[in-house]
Amino acid sequence: MTRPRNRPDVLVAGGGPAGVAAALTLASQGADVVLLHPGPPARWRVVESLAPVTRLLLQGLGVLDRLPPECCAPCYGNQSSWGGPDLTATDFLRGPYGAGWHVDRGPFDAALRRAARAAGVRLHTGSVRSVARKDGRWQVTVSDTAMTAPYLVDATGARARLARRLGAQVVHHDHLVAVAAEVVGPGPRHDGPYGAEAGPERTSLVESAAFGWWYTAPLPFGRHVVMAVTDADLVAGAGLRTPQGWWAALAVTRHVRARVPAHRPTAPRRLCVLSAGTSRTVPAAGPGWVAAGDAAAVTDPIAARGITHALATGIAAATALTEEAGGDQRALGRYAARVGAVHDEFLCARAACYGAEARWDTPFWRRRRTAADVTSPGPDATPGSSR
């Protein structure tokens with residue numbers, strides 16, 4: 001039977017990991033799903049580290065074997081200089097799930113959308129221009145197309161564009177930003193586009209600094225993504241606003257500079273400033289709608305759990321909608337409460353993580369020390385420990 005093209009069971013706004021995870025989960029339950037994708041991102045997307053446990057989520061969605069090798073390079077662990085000058089390391093290969101990944105978001109997201117299309121999800125390019133509730137259905141205008149559906153999923157990212165239109169509020173916990181660039185690493189290694197099969201070049205690296213912290217991870221052909229992370233109002237004072245100032249700050253690091261030729265006068269031609277603040281959408285669900293991924297909650301990048309969180313909340317949001325459609329009128333409320341509880345747990349873990357670094361008495365660290373005072377740093381209070 002042919003279903004009405006513009007009358008799906010669920011409209012999912014957002015073609016990233018959260019939206020695709022929700023769409024795939026709903027389609028597997030027999031729902032007719034339209035996935036709204038706004039098109040190519042206007043800005044550069046930073047390579048992200050993916051926890052090994054994410055393998056289970058991707059496998060459950062049926063997309064693990066559909067990811068092309070050019071979008072996912074193995075990540076064998078994390079290194080960090082945090083709370084002291086020396087490096088500590090986490091070895092993923094000693095864990096139960098094997099290696100993680102360094103993920104290039106452009107081809108990664110595109111591969112997920114192809115998998116969704118293959119699973120019967122209908123893709124529609126465009127953004128939501130208007131939304132209204134009438135007779136138990138959503139009346140939605142997508143670019144110049146009118147659609148109607150009983151359920152909506154907001155996977156539009158940290159701005160939570162649909163949820164805010166429906167009365168939700170985004171509560172910001174900080175105004176963290178990442179000042180990022182691509183740089184060329186030292187010494188070519190030709191075992192493949194990502195270099196040798198093992199060693200520190202295949203790990204992510206975090207190094208704390210007076211203004212905040214640095215992050216770097218490998219890209220193909222000897223390149224690295226490097227980010228300086230601090231609060232938005234501290235960027236200028238830290239000298240990070242210009243490529244020359246950013247490069248000078250990089251040159252005084254101990255470990256990150258060893259990954260890139262910071263001693264050479266080859267500062268990046270441009271910097272990309274990315275929002276990285278922690279926030280939560282309240283509520284994360286309401287009558288006939290649910291938020292997933294960053295539209296539900298955004299976590300500090302120090303935890304390196306963005307994609308994992310997106311996939312997990314996409315699956316959970318879709319499950320809640322399926323339960324609600326089956327007559328469980330408390331399903332969406334339980335989902336919203338779960339999002340809030342998980343986010344509160346993350347805030348405690350984040351406070352412990354930042355509280356483990358006590359070397360600097362600067363505005364960035366003083367702001368976080370106040371919150372950390374109420375949480376004793378545990379053995380896992382290290383960058384990336386929530387993976």
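The structure presented is a predicted model; accordingly, all values stated were derived computationally and were not measured.
Two residues are said to be in side-chain contact when any heavy atoms from C-beta on lie closer than 4.5 Å; S204 and H102 meet this criterion. At a threshold of 4.5 Å between non-hydrogen side-chain atoms, the residues S81 and R254 do not count as touching. For the pair R270 and P243, the minimum side-chain heavy-atom distance is 4.5 Å or more. Annotation: side chain of P17 is in contact with side chain of D109 (closest heavy-atom distance under 4.5 Å). Residues T278 and L176 are not in side-chain contact: their nearest non-hydrogen atoms beyond the backbone lie 4.5 Å or more apart. You'll find the side chain of R368 reaches within 4.5 Å of the side chain of D174, heavy atoms only. Contact of the W138 side chain with the V128 side chain is not registered, since no non-hydrogen atoms from C-beta on lie closer than 4.5 Å. In this structure, T253 and R259 have side chains that are not in contact, with every pair of non-hydrogen atoms separated by 4.5 Å or more.
Judged as a ring pair (Phe, Tyr, Trp, His ring centres under 6.0 Å), the pairs with a partner in residues 297-345 (not counting sequence neighbours) are, in order, H173-H343. Sorted by first then second residue, the salt bridge (Lys or Arg N to Asp or Glu O under 4.0 Å) pairs that include residues 54-68, not counting sequence neighbours, number zero.
What you find for C353 and W82 is that their closest heavy atoms are O-NE1, 2.9 Å. Contact record, L67 with A111: CD2-CB, 4.0 Å, taken as the closest heavy-atom pair. Of all the heavy atoms in A23 and V33, the pair that sits closest is CB-CG1, 3.9 Å. Heavy-atom minimum distance, R257 versus L250: CB-O, 3.8 Å. Nearest heavy atoms, A146 versus N6: O-CB, 3.5 Å. Between A119 and A27, the shortest heavy-atom contact is O-CB, 4.3 Å.
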Checklist entry - Going through the checks in order, is the side chain to side chain contact (heavy atoms under 4.5 Å, CB included) test met by F211 and L240? => result CA-CA 10 Å; F211 62 76; L240 302 174; 3.9 Å; yes
Item to check | Verdict with reasoning, S80 to W213, per side chain to side chain contact (heavy atoms under 4.5 Å, CB included) | outcome: CA-CA 10 Å; S80 63; W213 47 276; over 6 Å; no
Checklist entry - Are W246 and W214 close enough, and set up right, to give a ring-ring contact (aromatic ring centres under 6.0 Å, His included), and what steps lead you there? => result CA-CA 11 Å; W246 183 94; W214 289 91; 5.5 Å; yes
Checklist entry - V206 and N78: side chain to side chain contact (heavy atoms under 4.5 Å, CB included), yes or no, with the steps? => result CA-CA 8 Å; V206 172; N78 306 318; over 6 Å; no
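In the hydrophobic clustering of ILVMFWY residues, with side-chain heavy atoms under 4.5 Å counting as a link, V121 and V153 come out together. Cluster membership check: L321 shares its hydrophobic cluster with L61, using side-chain heavy-atom separations under 4.5 Å among Ile, Leu, Val, Met, Phe, Trp and Tyr. Neither L26 nor V140 shares a network with the other; the hydrophobic side chains, linked directly or stepwise wherever heavy atoms of I, L, V, M, F, W or Y lie under 4.5 Å apart, form separate groups for each. Note on V235: it clusters hydrophobically with V273, by side-chain heavy-atom contacts below 4.5 Å among ILVMFWY residues. Both L274 and L234 belong to a common hydrophobic cluster when Ile, Leu, Val, Met, Phe, Trp and Tyr are linked at side-chain heavy-atom distances under 4.5 angstrom.
Checked against ring-ring contact (aromatic ring centres under 6.0 Å, His included), H255 has no partners two or more places apart in sequence or in another chain. Under the ring-ring contact (aromatic ring centres under 6.0 Å, His included) criterion, F108 pairs with no residue at all, not counting sequence neighbours. For T148, the side-chain contact (heavy atoms from CB on, under 4.5 Å) partners at least two apart in sequence or on another chain are R7, R137, Q139.
A donor-acceptor distance shorter than 3.5 angstrom exists from the side chain of D9 to the backbone of D32, with no hydrogens or angles considered. Side-chain N or O atoms of T156 include one that pairs as donor or acceptor with a backbone N or O of R161 at under 3.5 Å. For R122 (side chain) and V34 (main-chain N/O), no donor-acceptor pair under 3.5 Å exists by modelled atom type. A distance-only check finds no donor-acceptor pair linking the side chain of T141 to the backbone of D144 [under 3.5 Å]. Counting only distance, with no hydrogens or angles, the side chain of E324 and the backbone of L332 share no donor-acceptor pair below 3.5 Å. Remark: side-chain polar atoms of E48 are not paired, donor with acceptor, to backbone N or O of R105 under 3.5 angstrom.
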Output side-chain donor-acceptor pairs under 3.5 Å for residues 288-301, partner residues at least two apart or in another chain, one line each.
unit_1	atom_1	unit_2	atom_2	d
D300	OD1	I302	N	2.8
D300	OD1	Y354	OH	3.4
D300	OD2	Y354	OH	2.8

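Here the straight-line distance linking atom NE2 of H124 with atom CG of L36 works out to 6.5 Å at 0.5 Å rounding. Atom CG of L112 is separated from atom CD1 of I307 by 8.5 Å, given to the nearest 0.5 angstrom. One distance of note links CZ of F364 with CG of D233; it measures 11.0 Å at 0.5 Å rounding. Atoms CG and CG, on L64 and L56 in that order, are 9.5 Å from each other to the nearest 0.5 Å. Separation of atoms OH (Y151) and OG1 (T322) is listed at 9.0 Å; rounding is to 0.5 Å. With values rounded to the nearest 0.5 angstrom, D91 atom CG is found 10.5 Å from Q79 atom CD.
Of the charged side-chain nitrogens involved, none lies within less than 4.0 Å of a carboxylate oxygen, so that D154 and R159 do not count as a salt-bridged pair. Looking at R334 and D328, a side-chain N of the basic residue comes within less than 4.0 Å of a carboxylate O on the acidic one, giving a salt bridge.
If you check the side chains of R359 and S208, you find a donor sitting under 3.5 Å from an acceptor.
Checked against L123 for a side-chain contact (heavy atoms from CB on, under 4.5 Å), the options H37, R117, R114 give a single hit: R117.
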